[in-house]
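Throughout, residue positions are numbered sequentially from 1 according to the sequence presented.
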Amino acid sequence: MMSIKKKLPAHSRGSGNIFADLGLPNAEEHQLKAALVVQLKRLMAEREITQTEAARLVEMKQPDLSKLLRGQFKLVSVEKLMRMLTAFDQDVEITVKPHRKRGEAGRITFIPA
């Protein structure tokens with residue numbers, strides 16, 4: 001039987017940061033916030049707790065937590081998200097080191113444990 005290969009429409013490979021690919025300002029910050037929110041959602045699922053219980057734990061109103069979990073990242077800072085993770089008994093480590101290529105701007109990277 002002969003396989004037929006479908007021709008893909010014209011496209012380009014993404015950078016790994018959808019916010020940068022969309023040309024949004026502060027793309028690295030958005031990417032970091034998204035990664036931290038994913039961790040928060042994972043912890044909520046692992047503990048099988050409701051948004052109301054999680055909101056109480058992280059000292060936030062439930063409607064605001066709901067908005068955050070749906071991607072409205074402007075509601076909180078990176079610092080607040082890190083504090084939210086520590087409320088779930090998580091350690092958050094920040095490492096600062098020289099960028100690999102001199103003359104280029106540094107970058108922000110999230111590495112889950």
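Every residue two or more places apart in sequence or in another chain that forms a salt bridge (charged side-chain N to carboxylate O under 4.0 Å, His left out) with Asp89 is listed here: Arg47. Judged as a salt bridge (charged side-chain N to carboxylate O under 4.0 Å, His left out), and not counting sequence neighbours, Glu48 has no contacts. For Leu22, the side-chain contact (heavy atoms from CB on, under 4.5 Å) partners are Ile18, Leu24, not counting sequence neighbours. Remark: Ala35 pairs with Phe110 by the side-chain contact (heavy atoms from CB on, under 4.5 Å) rule, at least two apart or across chains. Remark: Glu93 pairs with no residue by the side chain to side chain donor-acceptor pair (under 3.5 Å) rule, at least two apart or across chains. The side chain to side chain donor-acceptor pair (under 3.5 Å) check on Gln39 picks up Arg42, with sequence neighbours excluded.
For residues 78-88, every residue pair satisfying the side chain to side chain donor-acceptor pair (under 3.5 Å) rule, not counting sequence neighbours, is listed here: Glu79-Arg83. Pairs engaging residues 22-62 under the ring-ring contact (aromatic ring centres under 6.0 Å, His included) rule: Phe19-His30 [sequence neighbours left out]. For residues 19-34, the salt bridge (charged side-chain N to carboxylate O under 4.0 Å, His left out) pairs, not counting sequence neighbours, are Glu29-Lys33.
Put simply, Val92 and Leu32 are part of the same group of oily side chains (I, L, V, M, F, W, Y) that touch within less than 4.5 Å, one to the next. Linking Ile, Leu, Val, Met, Phe, Trp and Tyr residues whenever their side-chain heavy atoms come within less than 4.5 Å places Leu85 and Ile94 in a single cluster.
Closest non-hydrogen pair, Ala20 versus Ala27, comes out as N-CB, 3.4 Å.
Distance check: Asp91 CG to Met82 CE gives 13.0 Å after rounding to the nearest 0.5 Å.
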Pairs under 3.5 angstrom only: tabulate donor-acceptor contacts from the side chains of residues 49-60 to other protein residues two or more places apart or in another chain.
| residue | atom | partner | partner atom | Å |
| --- | --- | --- | --- | --- |
| Thr50 | OG1 | Thr52 | N | 3.4 |
| Thr50 | OG1 | Glu53 | N | 3.0 |
| Thr50 | OG1 | Glu53 | OE1 | 3.3 |
| Gln51 | OE1 | Gln62 | NE2 | 2.7 |
| Glu53 | OE1 | Thr50 | N | 2.8 |

Anything under 3.5 Å between a donor and an acceptor, one on a side chain of residues 66-76, the other on a protein residue two or more places apart or in another chain? List them.
| residue | atom | partner | partner atom | Å |
| --- | --- | --- | --- | --- |
| Ser66 | OG | Arg70 | NE | 3.4 |
| Arg70 | NE | Ser66 | O | 3.3 |

